[in-house]
Amino acid sequence: MVVFDEEKQIIQNKIIEKGYESLRASVFNSKDINRQEWQTRIEYCLEKKRYVVYSLADRASLMGKVSEFEDFNSAKDAFFKKLDLTVKYNSLRVENNELPEYQSPIWNEKI
């Protein structure tokens, strides 16, 4: 697998900047490595030579569609859009006294 150290560092720095360290996110792991329920993933598909961004649901099944991008910045933006939506969705669930998809201190901080 091609390692994207610089791109991975850019994403990890932004995760820290946004305070998203407790979110379930996978950055440039192979598609079968470190899969978790309710996880947001960014990968690079060597066969297609494209970045892919998608989310997993319960039992680590695919949720929604897999978005493909030719350039890193578009993929990064889509990845963070999904993470932002995860925060908004779960914060709303907690605010409405519903269970979030998983536990994170962010849900309580955002209310």
field: Distance in Å, I15 CD1 paired with K8 NZ, rounded so as to fall on 0.5 Å steps
entry: 10.0 Å

statement: Distance col, row E98:CD vs L92:CG, nearest 0.5 angstrom, shows 7.5 Å

State, yes or no, whether a side-chain contact exists between [X] and [Y] at a heavy-atom distance under 4.5 Å.
X: F72; Y: I10; result: yes
X: V27; Y: F79; result: yes
X: E101; Y: T86; result: yes
X: I11; Y: K76; result: yes
X: C45; Y: E43; result: no

Sequence neighbours left out, what passes salt bridge (charged side-chain N to carboxylate O under 4.0 Å, His left out) with [X]? Give chain and number order.
X: D84; value: K18
X: E47; value: none
X: E6; value: none
X: K48; value: E68

Non-neighbouring partners of [X] that pass side chain to side chain contact (heavy atoms under 4.5 Å, CB included), sequence neighbours left out:
X: D71; answer: N73, S74
X: I16; answer: E21
X: D32; answer: S30
X: S104; answer: S22, L23, Y102, I106, W107

Can you name the nearest heavy-atom pair linking [X] to [Y], along with the distance?
X: A75; Y: V53; result: O-CG2, 3.5 Å
X: T40; Y: S55; result: OG1-OG, 3.7 Å
X: R93; Y: L99; result: NE-O, 2.5 Å

query: Which residues pass the side-chain hydrogen bond (donor to acceptor under 3.5 Å, both in side chains) test with E17, sequence neighbours left out?
result: none

- prompt: Excluding sequence neighbours, so at least two apart, what forms side-chain hydrogen bond (donor to acceptor under 3.5 Å, both in side chains) with Q9?
  reply: N13

task: Would you check, one step at a time, whether the test side-chain contact (heavy atoms from CB on, under 4.5 Å) holds for D58 with W38?
output: CA-CA 6 Å; D58 59 335; W38 310 112; 3.8 Å; yes

query: Heavy-atom count around K81 NZ within 6.0 Å, excluding the residue itself: above 12?
result: no

field: Residue among K31, K65, R41, Q39 satisfying side chain to side chain donor-acceptor pair (under 3.5 Å) with Y54
entry: R41

query: ring pair (Phe, Tyr, Trp, His ring centres under 6.0 Å) with Y89: which residues, sequence neighbours excluded?
result: none

query: Hey, any chance L46 and F28 share a hydrophobic cluster, counting ILVMFWY side chains that come within less than 4.5 Å of each other, even indirectly?
result: yes

message: Distance alone, cut at 3.5 Å: any donor-acceptor contact between the side chains of E7 and Y44?
response: no

